Number of protein chains: 6
Amino acid sequence: MHDVVTFGEGMVRLSPPGHLRLEQTHSFELYVGGAELTVAAACSRLGLSAAWVSRVATHPLGRMMANRAREHGVDVSRIVWSDDGRVPLCFRETGAMPRGSLAYWDDGDSALSRIQPGDIEWSFLADAKLLHVGANTPALSAAAADATSAALVHAKRHNCKVAFDLHRRYAGNIDEALMVHVDVLVGDAEDIRRAFGVEGQPEEAAAQLKERFQLDVVAIPLPIAKGVRSGVWTGIVVGDKLYTDRTYDLEIVDPSGARDAFIAGVIYGYVQNDLDMGLQYGNALAAIKHTHPGELCYFTEQELRDQIETTGRALKR
Amino acid sequence: MHDVVTFGEGMVRLSPPGHLRLEQTHSFELYVGGAELTVAAACSRLGLSAAWVSRVATHPLGRMMANRAREHGVDVSRIVWSDDGRVPLCFRETGAMPRGSLAYWDDGDSALSRIQPGDIEWSFLADAKLLHVGANTPALSAAAADATSAALVHAKRHNCKVAFDLHRRYAGNIDEALMVHVDVLVGDAEDIRRAFGVEGQPEEAAAQLKERFQLDVVAIPLPIAKGVRSGVWTGIVVGDKLYTDRTYDLEIVDPSGARDAFIAGVIYGYVQNDLDMGLQYGNALAAIKHTHPGELCYFTEQELRDQIETTGRALKR
Amino acid sequence: MHDVVTFGEGMVRLSPPGHLRLEQTHSFELYVGGAELTVAAACSRLGLSAAWVSRVATHPLGRMMANRAREHGVDVSRIVWSDDGRVPLCFRETGAMPRGSLAYWDDGDSALSRIQPGDIEWSFLADAKLLHVGANTPALSAAAADATSAALVHAKRHNCKVAFDLHRRYAGNIDEALMVHVDVLVGDAEDIRRAFGVEGQPEEAAAQLKERFQLDVVAIPLPIAKGVRSGVWTGIVVGDKLYTDRTYDLEIVDPSGARDAFIAGVIYGYVQNDLDMGLQYGNALAAIKHTHPGELCYFTEQELRDQIETTGRALKR
Amino acid sequence: MHDVVTFGEGMVRLSPPGHLRLEQTHSFELYVGGAELTVAAACSRLGLSAAWVSRVATHPLGRMMANRAREHGVDVSRIVWSDDGRVPLCFRETGAMPRGSLAYWDDGDSALSRIQPGDIEWSFLADAKLLHVGANTPALSAAAADATSAALVHAKRHNCKVAFDLHRRYAGNIDEALMVHVDVLVGDAEDIRRAFGVEGQPEEAAAQLKERFQLDVVAIPLPIAKGVRSGVWTGIVVGDKLYTDRTYDLEIVDPSGARDAFIAGVIYGYVQNDLDMGLQYGNALAAIKHTHPGELCYFTEQELRDQIETTGRALKR
Amino acid sequence: MHDVVTFGEGMVRLSPPGHLRLEQTHSFELYVGGAELTVAAACSRLGLSAAWVSRVATHPLGRMMANRAREHGVDVSRIVWSDDGRVPLCFRETGAMPRGSLAYWDDGDSALSRIQPGDIEWSFLADAKLLHVGANTPALSAAAADATSAALVHAKRHNCKVAFDLHRRYAGNIDEALMVHVDVLVGDAEDIRRAFGVEGQPEEAAAQLKERFQLDVVAIPLPIAKGVRSGVWTGIVVGDKLYTDRTYDLEIVDPSGARDAFIAGVIYGYVQNDLDMGLQYGNALAAIKHTHPGELCYFTEQELRDQIETTGRALKR
Amino acid sequence: MHDVVTFGEGMVRLSPPGHLRLEQTHSFELYVGGAELTVAAACSRLGLSAAWVSRVATHPLGRMMANRAREHGVDVSRIVWSDDGRVPLCFRETGAMPRGSLAYWDDGDSALSRIQPGDIEWSFLADAKLLHVGANTPALSAAAADATSAALVHAKRHNCKVAFDLHRRYAGNIDEALMVHVDVLVGDAEDIRRAFGVEGQPEEAAAQLKERFQLDVVAIPLPIAKGVRSGVWTGIVVGDKLYTDRTYDLEIVDPSGARDAFIAGVIYGYVQNDLDMGLQYGNALAAIKHTHPGELCYFTEQELRDQIETTGRALKR
């Protein structure tokens, strides 16, 4: 019995120390990420029972991805281990104004992109409350698109809710047919414009989609970059009404995974029928994620509650 | 013959590199601190003859604490080496707005907390100008409180001045009886409120205490945090009159030890009967301490004078 | 339903890089260990369902211990999280002939040493095949000794087998009354001599104990050190008969955890009624553990089988 | 056939990690620099054929300097390798407001300072478009001053243009006789004041010099420091007219080499008769140089063009 | 005009620090390798004019490969830069007896494997003395096999000699038709057996091949592993006669690239018609390569000559 | 009142991590050494009152040298701080058989080489038991040679004993006139041959010198290298009789400072009139020094005694 099941690709991120450029570095720091793995890890830390489903290469770095998920309490027993396909990599260097941070994906021919029909037996979703997938998963390959469809169909058939992240990189190639299964949609104005051609302010565009696809919730991340090192985070949710929250001033260490942390918070609220709390958790989580390295967010629920209750400035130094 | 003797606990600080969270790290950087050790080290660098008195475990990390003090020129020959008791540790992670930095103290059952009457022969204070202790020392244990009392009594008996830091964490448990021995008190409005229930603006509260306890000097650190990475430092001194000084805009690397650096500057001025100079040294020292890692401040007197004479903005890059 | 449950203390090991001495270092590398945690992790990697039971402080390093166990697939849901007590630490420096490696334990007042009757509900052992404890666990405190007794009594009552490691450091203080519950005993000639005053060759001493305590198995690690960097590993098992195995020539990187890896292999064979295979696995595991840093052994079952089938010299470089 | 030849000293920079002070560090990071080496490297990356001419000690660090230049595509075949003289070193620590960064040069008795007449056969300048030297080169020694004169005389004789950087540290000791050979002069108002006693706004002072020495171009770097971590960069060029460009807001990582990057951009435009483009390239290069460690700038021409076309704020994070 | 041209793939090697296993590491050290790049670099250091020809992705790591080759003096102007295809990676962990070192290649879909006919204009080989290729190059893809054939055909047509390494991993798939172009063959008894089914002692098998393919030279590396950390190196050459050399006792740090260093030495002798010297250089180079990390060998010709003249034991410590 | 005063140069050693070659490295680890500083530090750790006398540049690395000496308890108050002259550097890379370790000294124009007559007031030697100098000190410059003579003359005049190390690098240039002041001479057969042309077995050559210069003691280090990583250490002393000691089998980490550690042990015994104990201490110290990085030996007297009493093989792993 899972509260949340996520389906997608893990990846190993390789980053030069500090602000060294990729071409210049002589070493890499390793972090494990992947949008759906990250969402599952944050959900697990929030106390939900979470599983991450994927197809992973039997490679030390494949095991590393599973280990890291497991470290955060994620159930990895549904992973399909494969002897073919690669472990997705991402080379990421940290910028400083005016040079932006850059990510070079080396994720072709991944084990998940080679998924076969029947590799995953989706019937276990009958015992799950929510399935989360991002637009990146069906974009991997025709086979991955088929698997995503299968997952969503099974979820719906078994009364398992579906959350879907439009995901900036892949928003332009969303298969609209998937939307019929979706309950919780994640995206900002630009994602929505790319995916569905809907223009306008995020809350209006969200309201339009909500009606068009009969969604329960549209969750909208609204970060503002002031530089590579500083910015502001907030997010809003369009559900039965518009939910808004405080903004967080950020001294940014690493923004990776902040969007996924936000999603985890919203899902946490959604599965407990408390969108207001979910939004607050999501925003606080996203803010905290900016303050330490890596995609995966390290926090305790107590810290999160403290964060929500204090102002951003009343911090210990 | 010592200008300054300090009495208190050393500690070894263990910090993850950069902004890694404690739970997430795979390595620690080590720094040696402890409020009184730090004050002694800064006094020694300022040219005073300084000794640090403590009870330290015969453990490699205990020797490391003494070595680091000795490196700064501090006389460690008065340390009582013990086969019982622990070396105090402090795990400290660096935050970034909105997440504050966090310190987890693991300093229970320290060698100093097990001090025995007679372990330290305080008569050598007869040759010292000033003894400095913080509220943390008597707070360690009943035995440490007794030893602190004994030290202060001996100091006063031998015309050795006494400086006492209210120390935020322990300000609420100050034994007011100690105050009769004190000449120089360190604390801000909040410390004073916690320790003595005196409310009000720092200079007013200080003036009140000065009269009540017949103090020579109250030194008040007045830092303002703007974030984890930036802030402002100044301090003031209430002595024969109110001394104020410039403020320093700070790009903060590590605020640890800044308060102790400030105290060292004030003591330096106090033992030379030049509170104005002492305040300027204290503020400049505290400002410089924010700019490099560790509790102990690395500086030369020349650098300090240059700092005082330049504006904070006219810096070399 | 668990194949193996272990009960004991986790610890965080802090080691200087390379061959730096503790007094000399400016950083530490972190590893998670603790004999029973380590045994559970190796059992889990061998494919057994394993749980580690302990009382752990709600501290980032406490969570780190649980995370690391979880990373290896160990069930940590039986951990009792406590707000009191410390996270055990071990400072370990690596020697080189003629200077031996040294470990300084800083494990006083641990959360587990403060365990309360009833903190752990041992009835879940009814669903377990084997409980493993080492002599270090009852040695922590009277409370921990009581908890160990309770665990062994429950295990026996529910037909759960019991493995017990005499553990060099604590072999001299074994409560012989515990032996009545034990099925698998681990110790070498020196451990046996210290614990029970039985002298003689290890296989003979083991045979004597086997009869005296009606043991199923005595597992005997037989490492020979040639220096800090090289040595030889083998182990034997006295069960229904004497089982012996090849020896492994070792280029030693870190011997920590090798004994526990050996125990895991023996347990693996024991719960599957194949002591011969168990001994081979245990020896190969112990050999591999010497070749990489840390207490926890990183391996795949395939690598283990390859190791067993090849000679020690026919290695890839 | 070279587009650009530079003549001057390379150096190895030794910097403590992060913000550690030099006195405090236990390790150094190495970077290769030297103004003329740096200019040649940036020119080479811009697509020009560039050679760096120097006299370098046959020492591993000497080879390291040549290797690093070669890595950027610089022709190092004109280096005179010597068995006498040192490899210049520079110890540099990074400050934080109010403590400025500090450089301690240890470059006495360098191999280049011992250059002999005839060591370099300058006739190859007949095939070069431009020779670049900075005021630091003739300041090394009388021999180096003679070699610089010889180089400039040869350049002019063979219709090779000459660029000359007044270089803050040495601007006060410029031999004005060299100016007769110069076509492109680099310096800001302070450099010009020190070198020639000309006061006033940079563009006016530059115009005055332009006429006095019949220069083609005066390139003026105009950085503004806001702290050690932030500032603003722009530069202007006084040529056939006054060229100005946008300013760049900077999150500063390491300003080393920014001036040289700017010079490389101006030279790039100058040898292609497009000062406007050269200024834009120079400013963008200088801005990018601030964002990563080291003297040498790592960039692609595509990145540079992207930088010029975007605003400083529209960055990826 | 080149003395040596090599054709093949570069790669970036990612290795955990020390003896950490891949699954266990949190960082990687980077080294650039690739058999033909490595041979070219060593030839260049020996004073030959060397070029490395390849098809490389326009990626920071692609530029890193070219930079590293260039750092060693290799001409990289013949590289075909491509927007498609990957940069080959190799994850390599260091073992310790009995665990061997392991390499996981992630080199599928490389830029070179996608080479197109005409991408490289081989006519420049008319000005080269020798072309070196290994069996790994044609094994990449049909396209790479075609390119290899084209290269060898051009070489022979223009009187450029050809060296060919059977390369253990790919020896089993050699296209025997290529052998008609080859002058210098590299391989040991096992390579020869796999490639041509010829059994027997290496010198005999070599002599047989020499006749069969009308080779000038067969170079045979003969390392003996005693463990991961120690071994013995020698190699022999079958040319106009059998050349043998001393053996080197090795304290092994990293054997990567040793075979290629050996090849470079043999080529150096071959192009100068001094096989005896070439063999000595090759063996000394291979021995030195074992003593420092990375594929590329850092040495000076002077060091090499010193190595040849001293015994392996008379070393400075 | 000092037991031991040493006079000579400190230095900062810069070493690449692990086995990286100097040309290849991107970082350095720092260690403080200098033969006389090292001897003083080891003497201080043995419990003697020790001072290190030198002329040191007012530079962060100069302060670092003094700090490190002070950390070991050495009195540095006799240092003459100078604004001229350099801090001596030594670049040292670690070899592996057959490549020996290499040191590149960059110690020209040191502050000590510029010493002026009268800089040091040697009369304080009247309160010292022994002065130690090595042949490297007078070899620095004529001024340093004069200062060395002055020191020895003063020592003798005040009944302060003199120890002198022939020091391999400088043994060939010893001023024999100095020998008249010497009581304890350090050197092996090769040093003695170079210095005085005396051939033969070390104990015989030593006996000859003892008579010729009326020495009390000749101490002879007798290390045998088996490789860079392994070797054997012993030393002997020719005093009133021949003293010999056990040999130590070594797993070598860093041999730097081992000779100085040996000297410190011999001095320790000499000033206490127990050459037998001194030799044992010296050999044990030298052995331990091989097992950790750096010139300075980190040990406790207890460890030393344990080392002497155990055999080299009975080590903890």
Side-chain angles (χ1 to χ4, degrees), chain A residues 10-18 20-32 56-71 81 83-95 99 101-111 113-114 293-296, chain E residues 10-18 20-32 56-71 81 83-95 99 101-111 113-114 293-296:
Chain A
M11 63 95 177
V12 173
R13 195 233 293 185
L14 302 155
S15 286
L20 287 171
R21 299 215 63 182
L22 278 167
E23 186 183 336
Q24 179 186 23
T25 194
H26 290 81
S27 64
F28 282 138
E29 295 167 356
L30 267 76
Y31 298 98
V32 165
V56 180
T58 53
H59 183 283
L61 299 190
R63 291 195 295 278
M64 184 190 284
M65 296 193 306
N67 291 353
R68 209 60 69 245
R70 207 150 53 169
E71 172 185 331
W81 292 95
D83 286 333
D84 62 321
R86 296 179 58 243
V87 174
L89 303 175
C90 176
F91 300 95
R92 187 181 191 278
E93 65 179 21
T94 301
R99 176 173 64 82
S101 297
L102 275 177
Y104 293 82
W105 292 87
D106 182 16
D107 56 356
D109 194 27
S110 68
S113 74
R114 295 186 175 201
E295 272 70 8
L296 296 167
Chain E
M11 64 95 176
V12 174
R13 195 233 293 186
L14 302 155
S15 284
L20 286 172
R21 300 216 61 182
L22 278 167
E23 186 184 333
Q24 180 186 23
T25 195
H26 290 82
S27 64
F28 281 139
E29 295 167 356
L30 266 75
Y31 298 97
V32 164
V56 180
T58 53
H59 182 283
L61 299 190
R63 291 195 295 277
M64 184 190 284
M65 297 193 306
N67 292 352
R68 208 59 70 245
R70 207 150 54 169
E71 171 184 331
W81 291 96
D83 286 333
D84 63 319
R86 296 179 56 243
V87 174
L89 303 175
C90 176
F91 300 95
R92 187 181 191 279
E93 65 179 21
T94 302
R99 177 174 64 83
S101 297
L102 276 177
Y104 292 83
W105 293 87
D106 182 16
D107 56 356
D109 194 26
S110 68
S113 74
R114 295 184 175 202
E295 271 71 9
L296 297 166

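In what follows, chains are A, B, ... by sequence order, proteins preceding strands, each numbered from 1. Here the structure is a predicted model, which means the values were calculated and not measured.
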J.: Check Asp84(A) with Arg114(A), please: is the shortest side-chain N to carboxylate O separation under 4.0 Å?
T.: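 The answer is yes: the pair qualifies as a salt bridge.
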J.: I'd like to check the salt bridge (charged side-chain N to carboxylate O under 4.0 Å, His left out) partners of Glu23(A); sequence neighbours left out, ordered by chain and number.
T.: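 Residues passing salt bridge (charged side-chain N to carboxylate O under 4.0 Å, His left out) with Glu23(A): Arg45(D), Arg63(E).
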J.: Keeping Ser110(A) on the side-chain end and Pro88(A) on the backbone end, is there a donor-acceptor pair under 3.5 Å?
T.: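 Absent.
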J.: What part of Tyr31(A) lies closer than 4.5 angstrom to a heavy atom of chain E: side chain, backbone, both or neither?
T.: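 Looking at Tyr31(A), nothing touches chain E.
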J.: Looking at Leu30(A), Thr25(A), Asn67(A), which has the largest count of heavy-atom pairs under 4.5 Å with chain E?
T.: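 Max contact count across the listed options: Leu30(A).
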J.: To the nearest 0.5 angstrom, please state how far the OH atom of Tyr104(E) sits from the NE2 atom of His59(A).
T.: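 Separation between the atoms: 7.0 Å.
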J.: Tell me which of these, Ser27(A), Pro60(A), Gly62(A), has more heavy-atom pairs under 4.5 Å with chain E than the rest.
T.: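 Maximum pair count with chain E is reached by Pro60(A).
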J.: Is Leu22(E) close to chain A through its backbone or its side chain, or both, or neither, when contacts mean heavy atoms under 4.5 Å?
T.: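 Leu22(E) touches chain A through backbone and side-chain heavy atoms alike.
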J.: Report yes if some heavy atom in the side chain of Glu295(E) is under 4.5 Å from a heavy atom in the side chain of Val32(E); otherwise report no.
T.: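 No, too far: nothing below the 4.5 Å cut-off.
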J.: How close do Trp81(E) and Ala57(E) get, heavy atom to heavy atom, and via which atoms?
T.: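 Closest pair (atom of Trp81(E), atom of Ala57(E), distance): CZ3-O, 3.7 Å.
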J.: Which one of Asp109(A), Asp106(A), Val87(A), Leu61(A) has the most heavy-atom pairs closer than 4.5 Å to chain E?
T.: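 Among the listed options, the one with the most contacts to chain E is Asp106(A).
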J.: Is there any residue in residues 10-18 of chain A with a non-hydrogen atom under 4.5 Å from a non-hydrogen atom of chain E, and which ones are they?
T.: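 Near chain E, by residue number: Leu14(A).
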J.: So, Gln24(A) side chain and Arg21(A) main chain: donor-acceptor pair closer than 3.5 Å or not?
T.: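 Indeed, once roles are kept as given, a pair shorter than 3.5 Å links the two residues.
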J.: Given the rule in the salt bridge (Lys or Arg N to Asp or Glu O under 4.0 Å) test, do Arg99(A) and Glu93(A) qualify, once you have shown the distances and angles that lead to the verdict?
T.: CA-CA 10 Å; Arg99(A) 176 173 64 82; Glu93(A) 65 179 21; 3.6 Å; yes
